[in-house]
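All remarks here apply to the structure that follows.
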Amino acid sequence: MLRQGELHKLHPELAETDLADFTRLLKQAFSANGDPDCDALTAVREALGHYRGPFAQGADHLWADAIREHLTTQATDAALRLAHQAEHTDASSQQQDAVLTLLEHLGALHPDHERLTQHAIRLYQAAGRHDAARHTYTRLERHLADLGLEPDPATRALVTPRAHSRQMG
C-alpha cells in the first residue's frame, strides 16, 4: 500500500488488478508510437477479457458512476474502432469473426448500445450471415421495447429490405 495524503492506494508494482491490466492493454492497443508487433485486435481482445461488465455493478456508490461510465466508454470505443476498421478495410474473415465476438461480448453486457449492434449487423451482412444480423437486431429491438424505446431509424434501415427505386426496361 502507498499512502497519499489521507488515501491508501495499492502499489502498482506489488498488486495486479483487472482494472490496471484493462487500461494498460487498451493504451497499448491504440498508442500512436506503440510496438509495431502489437496487434490492436489481440490487445483489445485481451483487454476485454478483463472487462466483465460495468465497474462495481450493483453497487450504488455515487463515486463509482463516473468511473463506470468512463470504463464502459473505453471498452465500447475500442470495439467500435476495430469494427469500423474491419468494415472499411479488407479484413480477413477471421479478423471479422474476432471483432464480431468482441461486439457480441459487449452487446451482452450493454444490450441497449445501438452502435455496437449496428456494427455487428453490418459485419454479419458483409459475411453473408443475414440470419445472424436479423437475430442481432431482434435482440436489440426486444431489449429496447422492455425499456419503452425503439431502435433508431438508422439501425432499422440496416435490416429493412431495400426496394429497387427504378426498374430499367
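Because the structure is a prediction, the values reported are computed rather than measured.
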| request: Would you confirm whether T155, through its side chain, and P151, through its main-chain N or O, come within 3.5 Å as a donor-acceptor pair? | output: no
Salt bridge (Lys or Arg N to Asp or Glu O under 4.0 Å) contacts touching [range] (sequence neighbours left out):
range	value
residues 103-122	E87-R122, E104-R139
residues 46-64	D18-R52
residues 61-82	D65-R68

| said: Using 30° and 60° as the class boundaries, would you call the ring planes of W63 and H61 parallel, tilted or perpendicular? | reply: parallel
If you take all heavy atoms of [X] and [Y], which pair is closest and at what distance?
X	Y	value
V159	A133	CG1-O, 4.4 Å
G53	L109	N-CD1, 3.7 Å
L123	A86	CD2-CB, 4.0 Å
A120	T136	CB-CG2, 4.1 Å
A83	V99	CA-CG1, 3.6 Å
Y51	L71	CE1-O, 3.9 Å

| message | Run the salt bridge (charged side-chain N to carboxylate O under 4.0 Å, His left out) test on R24 and D21 for me, step by step, so that the C-alpha distance in whole Å, both residues' side-chain angles and the decisive distance to 0.1 Å come before the verdict. | response | CA-CA 5 Å; R24 177 184 48 78; D21 291 342; 3.6 Å; yes
| query | Who are the salt bridge (Lys or Arg N to Asp or Glu O under 4.0 Å) partners of R156, not counting sequence neighbours? | reply | E150
| Cluster partners of L140, using ILVMFWY side-chain heavy atoms under 4.5 angstrom, listed by chain and number? | L144, L147, L149
| From Q95 atom CD to L100 atom CG, the distance as rounded to the nearest 0.5 Å | 12.0 Å
| request: Find out whether Y124 and D131 are in side-chain contact, i.e. whether some heavy atom of one side chain is under 4.5 Å from a heavy atom of the other. | output: no
| request: Apply side chain to side chain donor-acceptor pair (under 3.5 Å) to H130 and list each qualifying residue two or more places apart in sequence or on a separate chain. | output: none
| request: Dump the intermediate steps for salt bridge (charged side-chain N to carboxylate O under 4.0 Å, His left out) on D39 and R45, then the final yes or no. | output: CA-CA 10 Å; D39 173 26; R45 187 181 330 174; 5.7 Å; no
